[in-house]
Amino acid sequence: MARSVMGKIEELSQERERLLVRQGTHHADAADRERLGQIDHDLQVLWDLRRRELSGETVDLDDDFFDRFTIDPGTDAPGR
């Protein structure tokens with residue numbers, strides 16, 4: 001069964017909050033800051049998927065949660 005988009009958003013949001021609390025107490029390390037960046041990126045992608053889902057598009061995280069800019073920006077990427 002496919003995971004729900006909102007479920008993944010909630011999961012990442014909770015992880016993000018834990019990392020922000022850790023950062024607020026000055027106990028965050030470089031890996032925490034890197035993870036926060038990845039979470040922020042993933043949440044942007046997920047919210048886009050959620051908007052597509054609300055507009056009636058069939059969304060499956062296993063198929064649609066692929067962001068080619070994370071892997072390979074391709075030849076049409078900005079700055080190329």
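The analysis underlying the following values was restricted to heavy atoms, covering all of them including side chains, and did not include hydrogens, waters or symmetry mates. Note that the structure is predicted; figures quoted are calculated from it, not measured.
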Legend entry - Interatomic spacing from CD in Gln44 to CG in Leu49 - rounded to 0.5 Å: 12.0 Å
Inset, instruction - Kindly compute the distance separating CD1 (Ile39) from CG (Leu46), expressed to the nearest 0.5 Å. - result: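 Here the interatomic distance stands at 11.0 Å.
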Inset, instruction - Can you sort out the partners of Arg50 under side-chain contact (heavy atoms from CB on, under 4.5 Å), two or more places apart, ordered by chain and number? - result: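 Partners of Arg50 by the side-chain contact (heavy atoms from CB on, under 4.5 Å) criterion, ordered by chain and then number, come out as Val5, Met6, Ile9, Trp47, Glu53, Leu54.
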Inset, instruction - Return the set of residues passing side chain to side chain donor-acceptor pair (under 3.5 Å) with His27 (not counting sequence neighbours), or none when no residue passes. - result: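 For His27 the side chain to side chain donor-acceptor pair (under 3.5 Å) partners, ignoring immediate neighbours, are Thr25.
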Inset, instruction - Spell out, yes or no, whether Leu12 and Val21 are grouped together once hydrophobic residues are joined by side-chain heavy atoms under 4.5 Å, including indirect joins. - result: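 In one cluster with Leu12: Val21, no.
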Legend entry - Summary of salt bridge (Lys or Arg N to Asp or Glu O under 4.0 Å) pairs that have at least one residue in residues 27-38, sequence neighbours excluded: Glu15-Arg35, Arg22-Asp32
Inset, instruction - Work out which heavy atom in Leu43 is nearest to a heavy atom in Ser13; give both atom names and the distance. - result: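 The answer is CD2-OG, 4.0 Å.
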